[in-house]
Amino acid sequence: MKVDILLGLQWGDEGKGKIVDYLSQKYDVIARFQGGPNAGHSLEFNGIKHVLHTIPSGVFHDKTINIIGNGVVIDPILFKKEVEELINLGVNPFENVVISKKAHIIIPSHKALDSASEQAKGKNKIGSTLKGIGPTYMDKTGRNGLRIGNITEPNFKEKYNDLVLKHKNILKQFNFEFNSEETEPQFFEAIEFLKKFEHINSEFEINSLLNQNNKILAEGAQGSLLDIDFGTYPFVTSSNTVSAGACIGLGIAPSKIGKVYGIFKAYVTRVGSGPFITELHDEVGSEIRSIGKEYGATTGRPRRCGWMDLVILKYVVMINGVTDLIMTKSDVLDSFETIKIATAYIKDDVISENMPFDIEGWKPIYKEMKGWNCKTSDLKNEKEMPAEMKDYISFIEQETGVKVSIVSLGPDREQTICR
Ligand code: GDP
Ligand code: IMO
Ligand code: MG
């Protein structure tokens, strides 16, 4: 058995939650390997719409084991809230969610540091979700972090106090007001709540599940262009969102990786700052936002919208070793007479089909394709697809060299076509 991976190929929000939930029926285990509550993964079925942040998207299936891996960062306060919301929906995460002892903890002063850093950057801010992700990963690599395995140790409070003191010293330099006493009762109450979950050595658990022939799907958060190494740095998140991140964030060897599902929207969106070559500042962009309901699932911010970009897609297919493509939200383009797709970039008369070191300042070269101009959200199989949609898919397959094996035509679990 091998571990399959599903990840976003753009700047996040490609529909990972929906597709993981759809694929869950084929898997015994769903494991998150990076990111934290900066993620917002939406799932819709039986008329229920739900957004998950830290909990893997297999949680609605009783028999699925949901692992929060060592590469994830956890905010105990937000985690407790997320679990309580699930309990209200009749789900029992105590039964099917387990947490790696090596996962790092976001403490309230990490969130203050995130805000202070963004404030100091002014107009150059990243547009962070302000969930404390960057500062927590900095403490991890700086070897100062607190981990889930520490919370049951007698000196946890002492370790926490040491870290808060360090943070307060940095916050002073930022002239940033932060009162740790205000947030502490809620934080420690959430730590007690976290103790009710099973804390595991997830690298052993996952390898043993694999050896016992269980089917495992690793669920990525964010998208490849937000990857700390390969994304549009510095406008990125602080973890490795690409497929290699699954090995590090779960403790699985590269030789154990099977399929890599790469998911992309039929157009492109981005929340937060940073370059975006095919961004549309006109009515077409507003129309995509309005039809696609492109507002952040975590922060509610409007998402920037633009045309499909093949330079990006080809780059991330290479980095991730994508074996299967999944296209989502093509139904959002149902009313467009023509659809554009960037095939190369141009800057100072230089044309590039490859991703440049910095995409800032490059302009798109588009291929125009005829839109399908009809309703597709009710389609049940590939045969019913309009010819123009098939052409759009074929062109993407031809350019990337990878098959589009799933097409999503609406937010509901049922609105999915396997090809
Ligand atoms: P994730 O972060 O990758 O899980 O994606 P988000 O949940 O943040 O954003 C995707 C949004 O699009 C959610 O509101 C989904 O319900 C919705 N969605 C997912 N797939 C489709 C689709 O094929 N068509 C439409 N119209 N909406 C979709
Ligand atoms: P999912 O998993 C879209 C973006 C933020 C910001 C940058 C850094 O739902 O696809 P951070 O909070 O990590 O310091 O923010 O990354 N970002 C996301 N954009 N979807 C996400 O997650 C994101 N997680 C972070 O908007 O630009
Ligand atoms: Mg999202």
Side-chain angles (χ1 to χ4, degrees), residues 6-22 32 34-45 48-54 56-57 72-73 75 106 110-111 113-115 117-118 121 125-138 219-228 231-239 241 263-276 288 290-304 326-334 375-377 379 406-417:
L6 180 136
L7 36 83
L9 298 182
Q10 295 157 335
W11 279 288
D13 304 328
E14 297 88 352
K16 298 176 289 293
K18 172 195 160 158
I19 299 295
V20 173
D21 170 64
Y22 171 77
R32 275 278 303 269
Q34 47 67 235
N38 48 350
H41 295 181
S42 319
L43 293 75
E44 243 181 270
F45 53 91
I48 299 173
K49 174 164 181 160
H50 195 75
V51 181
L52 294 166
H53 300 283
T54 307
S57 301
V72 176
V73 289
D75 179 335
I106 302 173
H110 281 130
K111 287 184 266 188
L113 283 169
D114 221 353
S115 297
S117 157
E118 284 284 79
K121 283 192 161 98
K125 71 176 184 180
I126 309 291
S128 164
T129 60
L130 302 180
K131 303 291 180 204
I133 305 295
T136 307
Y137 279 116
M138 279 163 76
E219 172 182 4
Q222 289 78 56
S224 297
L225 292 177
L226 290 169
D227 181 270
I228 184 75
T232 45
Y233 192 87
F235 300 99
V236 293
T237 190
S238 298
S239 65
T241 61
I263 175 164
F264 67 96
K265 275 181 197 170
Y267 48 95
V268 181
T269 64
R270 169 162 211 174
V271 229
S273 335
F276 177 177
I288 294 178
S290 143
I291 302 172
K293 300 192 178 73
E294 293 296 355
Y295 294 89
T298 297
T299 58
R301 291 177 293 177
R303 294 176 182 148
R304 302 156 62 192
I326 299 173
M327 182 169 85
T328 60
K329 301 194 89 161
S330 43
D331 55 296
V332 173
L333 302 179
D334 279 359
K375 187 167 181 253
T376 59
S377 51
L379 302 187
I406 297 176
V407 178
S408 166
L409 296 162
D412 197 277
R413 208 185 259 172
E414 302 291 321
Q415 294 170 297
T416 317
I417 293 180

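These numbers come from a predicted model, not from an experiment. Start at 1 and go down the list; that is how both ligands and their atoms are numbered.
- At a heavy-atom cutoff of 4.0 Å, ligand 2 is surrounded by W11, G12, D13, K16, N38, A39, G40, H41, I126, G127, S128, T129, A221, Q222, L226, V236, T237, V271, G272, R301.
- Here the side chain of K329 pairs no donor or acceptor atom with the backbone of P411 at under 3.5 angstrom.
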Worked verdict on T269 versus K265 for side-chain hydrogen bond (donor to acceptor under 3.5 Å, both in side chains): CA-CA 8 Å; T269 64; K265 275 181 197 170; 2.8 Å; yes
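- A cation-pi geometry, defined here as NZ or CZ lying under 6.0 Å from the six-membered ring centre and within 45° of its normal, holds between R413 and F45.
- Not close to ligand 1: Q415, with no non-hydrogen atom less than 4.0 angstrom away.
- Among residues two or more places apart in sequence or in another chain, the ring-ring contact (aromatic ring centres under 6.0 Å, His included) test is passed with Y233 by none.
- Residue contacts with ligand 1 for A297 involve side-chain atoms from C-beta outward but no N, CA, C or O (heavy atoms, distance under 4.0 Å).
- Taking distances strictly below 2.8 Å, the protein N/O/S atoms close to the Mg ion (ligand 3) are D13 OD1, G40 O.
- In this structure, the protein non-hydrogen atom closest to atom 23 (O) of ligand 1 is S408 OG, 2.5 Å.
- For the pair R32 (side chain) and S57 (backbone), a donor-acceptor distance under 3.5 Å is absent.
- Here the CG atom belonging to L7 is positioned 9.0 Å from the CD atom belonging to E14, to the nearest 0.5 angstrom.
- Closest to atom 27 (N) of ligand 1, if we only count protein heavy atoms, is K329 CE, 3.4 Å.
- You'll find the ring centres of F235 and W11 outside the 6.0 Å limit.
- Using 4.0 Å as the threshold, K293 has no heavy atom nearer than that to any atom of ligand 1.
- Side-chain N or O atoms of D331 include none that pairs as donor or acceptor with a backbone N or O of T376 at under 3.5 Å.
- Between V407 and L409, the closest side-chain pair of non-hydrogen atoms falls below 4.5 Å.
- For atom 16 (O) of ligand 1, the closest heavy atom belonging to the protein is P411 CB, 3.4 Å.
- Less than 4.0 angstrom separates some heavy atom of K18 from each of these atoms of ligand 1: 20 (N).
- Between the side chain of H50 and the backbone N or O of L43 there is no donor-acceptor pair closer than 3.5 Å.
- Here the protein heavy atom with the shortest distance to atom 13 (C) of ligand 1 is S42 OG, 3.5 Å.
- Near G17, the atoms of ligand 1 lying under 4.0 angstrom from a non-hydrogen atom of the residue are 4 (O).
- Residue L409 touches ligand 1 through its backbone alone, judged by heavy-atom distances below 4.0 Å.
- Looking at Q34, its side chain does come within 3.5 Å of a backbone N or O of A221 through a donor-acceptor pair.
- Residue, atom and distance of the protein heavy atom nearest to atom 2 (O) of ligand 1 are G40 O, 2.8 Å.
- A donor-acceptor contact closer than 3.5 angstrom links the side chains of T416 and K18.
- Near K49, meaning under 4.0 Å from one of its heavy atoms, ligand 1 places the atoms 14 (O), 16 (O).
- Atom 9 (O) of ligand 1 has its closest protein heavy atom at R303 NH2, 3.5 Å.
- For K131 and D75, the salt-bridge test fails: no basic side-chain N is under 4.0 Å from an acidic carboxylate O.
- Residue contact check: G15 has heavy atoms under 4.0 Å from atoms 1 (P), 3 (O), 4 (O), 5 (O) of ligand 1.
- Ranking the protein heavy atoms by distance from atom 26 (N) of ligand 1 puts D331 OD2, 2.7 Å first.
- One finds no salt bridge joining R270 and E294 here, because no Lys/Arg side-chain nitrogen approaches an Asp/Glu carboxylate oxygen to under 4.0 Å.
- To the nearest 0.5 Å, the span separating CD1 on I133 from CD1 on I106 amounts to 4.0 Å.
- Among all non-hydrogen protein atoms, the one lying nearest atom 10 (C) of ligand 1 is D13 O, 3.7 Å.
- For G12, the closest heavy-atom approach to ligand 1 does not fall below 4.0 Å.
- Applying the ring-ring contact (aromatic ring centres under 6.0 Å, His included) test to H41 and every residue at least two apart in sequence or in another chain returns nothing.
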